[in-house]
Amino acid sequence: MEHRLDWALAACARILRPVVRLALAMGVKHPHLEELLRDLLIEEAQRSWRQQGVKRPNLSQISVTTGLNRKAVTAKVRATVDPLPHTELSAAAKTFTLWLQMTVENEDLRRIPVTTEDEAPSFERVARLASRGNIHHRTILDELVRLNMVAEGNGTAELMADGFVPVEDLQSMLAFLGDNGRDHLLAAVSNTLGETPRMLERSVYARGLTLEDCEKIQLLARERWTALHHELAREMTEAVDRAPADSKARIRVGIYTYYEDDEAAQKKSGPPSR
């Protein structure tokens, strides 16, 4: 395995390039990324040692594993702070998904009363089911309206989107980017390291077609995903309902499409002008 390090660095470069693009677009500078990378190296090294049975890895063990000097390891005194919301815990996302799932069988349910006196479908009932009664339906509705995903008027609420993608909220979009990207990469890394069970992580690639054909293929993927999304959401909801109260396992299933004019992309990534 003479070239193992070179291969690993090349894979990391491919993964990190879009991360660097995001960082530059958001005004993140090298010192921020350097500090973040140091902290993540230390945290992952600690996790690795704990998996090997070492409950409290010492400075020397962390230093050898990461290549950081003892002073750098000592300088990290607290866990990395994550100011983004955890998307899997969002009551708004859960409510939206459950409501959207209901519309598969009855399209008329895209518009429902906010509240009702009887057992008829209402936003209040959907929110109560999705949040298990832990969050008031008014709070959830206000959040969905703020995200322009639901419209409210004349005592009714109406779905305005076909997927929970809060494009009007940068913090939420970054949270979804982080969560979805993390789990996609965790599946790929797990498979690469030979961990079991093997995770589903596949893609289909083609080159030498028009952007118009790319659009058509993306539309096909979106249509197929919509059907699969509803099926998966229903199965996951039922699985959560029948699971014991102390169950801790989690699962995320996703799909992605990316396309671009490859020649234009290569020109953009060329050497800087002098």
Side-chain angles (χ1 to χ4, degrees), residues 15 18 21-22 87-88 90-112 121 123 126-127 129-130 140-141 143-152 156-170 172-188 191 198-241 250-265:
I15 292 169
R21 181 184 302 180
L22 173 70
T87 57
E88 59 268 22
S90 167
K94 291 178 180 178
T95 300
F96 183 92
T97 300
L98 178 58
W99 186 3
L100 191 63
Q101 185 181 337
M102 292 166 54
T103 66
V104 175
E105 299 179 356
N106 186 352
E107 184 68 17
D108 292 339
L109 293 179
R110 292 189 69 90
R111 176 182 291 177
I112 55 179
F123 183 86
V126 176
L129 285 172
I140 298 174
L141 180 56
E143 175 66 3
L144 290 173
V145 170
R146 183 184 73 83
L147 295 173
N148 290 329
M149 304 183 75
V150 171
E152 181 187 6
T156 66
E158 182 178 2
L159 282 172
M160 303 301 291
D162 293 315
F164 192 85
V165 184
V167 294
E168 303 296 329
D169 188 314
L170 178 60
S172 294
M173 287 297 289
L174 287 170
F176 273 101
L177 185 156
D179 284 345
N180 293 339
R182 175 202 61 204
D183 283 350
H184 185 172
L185 286 173
L186 281 174
N191 289 343
R198 303 286 289 183
M199 298 292 172
L200 173 63
E201 203 273 322
R202 298 286 186 272
S203 65
V204 181
Y205 177 79
R207 185 175 183 176
L209 60 167
T210 67
L211 289 177
E212 290 75 14
D213 284 332
C214 291
E215 284 282 2
K216 292 178 182 178
I217 293 169
Q218 177 179 226
L219 180 59
L220 172 63
R222 284 181 178 274
E223 292 173 347
R224 298 293 177 85
W225 169 249
T226 297
L228 179 58
H229 172 269
H230 292 310
E231 183 179 351
L232 290 170
R234 181 172 57 252
E235 179 62 29
M236 289 180 183
T237 300
E238 293 173 356
V240 169
D241 289 341
R250 71 181 188 92
I251 184 171
R252 189 189 305 273
V253 181
I255 185 174
Y256 70 93
T257 302
Y258 181 76
Y259 65 88
E260 63 182 0
D261 185 332
D262 207 29
E263 183 177 356

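These values consider heavy atoms only, across backbone and side chains, with no hydrogens, waters or symmetry-generated copies.
- Met149 and Gly163 make their closest contact through CE-O, 3.1 Å (heavy atoms, listed as atom of the first residue, atom of the second, distance).
- Annotation: Arg222, atom CZ; neighbour count of heavy atoms from other residues, nucleotides and ligands within 6.0 Å does not exceed 12.
- Shown here for Leu147 and Glu168, the closest heavy-atom pair between the two residues is O-CG, 3.8 Å.
- Here the shortest heavy-atom pairing between Pro166 and Met173 reads O-CG, 3.1 Å.
- The shortest heavy-atom contact between Ala161 and Leu100 is O-CD1, 4.2 Å.
- Here CG of Leu232 is found 10.0 Å from CD of Gln101. Values are rounded to the nearest 0.5 Å.
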List the steps and the verdict of salt bridge (Lys or Arg N to Asp or Glu O under 4.0 Å) for Glu143 and Arg146. CA-CA 5 Å; Glu143 175 66 3; Arg146 183 184 73 83; 2.9 Å; yes
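- When all heavy atoms of Leu209 and Asp213 are compared, the pair lying nearest together is CD1-CB, 3.9 Å.
- In this structure, CE in Met160 is found 9.0 Å from CZ in Arg111, a value given to the nearest 0.5 Å.
- In the displayed structure, Glu105 atom CD is contacted under 6.0 Å by at most 12 heavy atoms of other residues, nucleotides or ligands.
- The distance from atom NZ of Lys216 to atom CG of Leu211, rounded to the nearest 0.5 Å, is 12.5 Å.
- Under the 3.5 Å distance criterion, the side-chain polar atoms of Thr97 are left unmatched by any main-chain donor or acceptor of Lys94.
- For the atom pair CZ of Arg198 and CG of Asn191, the computed distance is 4.5 Å after rounding to the nearest 0.5 Å.
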Passes side chain to side chain contact (heavy atoms under 4.5 Å, CB included), Leu144 versus Phe123? Steps please.
CA-CA 11 Å; Leu144 290 173; Phe123 183 86; 3.9 Å; yes
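- Partners of Phe164 according to the ring pair (Phe, Tyr, Trp, His ring centres under 6.0 Å) rule, which considers only residues two or more places apart in sequence or in another chain, are Phe96, Phe176.
- Taking 4.5 Å as the limit, some side-chain heavy atom of Leu22 sits within range of a side-chain heavy atom of Leu177.
- Atom CH2 in Trp225 sits 6.5 Å away from atom CD1 in Ile255 (nearest 0.5 Å).
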* Asked: Is there a side chain to side chain contact (heavy atoms under 4.5 Å, CB included) between Trp99 and Val150 once you walk through the steps?
  -> CA-CA 11 Å; Trp99 186 3; Val150 171; 3.7 Å; yes
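- The environment of CD in Glu158 is crowded: more than 12 heavy-atom neighbours from other residues, nucleotides or ligands sit within 6.0 Å.
- In this structure Arg202 satisfies the side chain to side chain contact (heavy atoms under 4.5 Å, CB included) test together with Leu200, sequence neighbours excluded.
- Between the OG1 atom of Thr257 and the CD atom of Gln218 there is a distance of 5.5 Å, given to the nearest 0.5 Å.
- Counting heavy-atom neighbours within 6.0 Å of Arg182 CZ, excluding the residue itself, gives a total above 12.
- Here the side chains of Asp162 and Thr226 are not in contact, with every heavy-atom distance at 4.5 Å or above.
- Closest of all the heavy-atom pairs between Ala127 and Ile140 is CB-CD1, 3.9 Å.
- In terms of the ring pair (Phe, Tyr, Trp, His ring centres under 6.0 Å) criterion, residue partners of Tyr256 (sequence neighbours excluded) are, by chain and number, His184.
- With a 4.5 Å cut-off on side-chain heavy atoms, His229 and Val253 do not count as touching.
- Using a 4.5 Å cut-off on side-chain heavy atoms (C-beta onward), Val126 and Pro121 make no contact.
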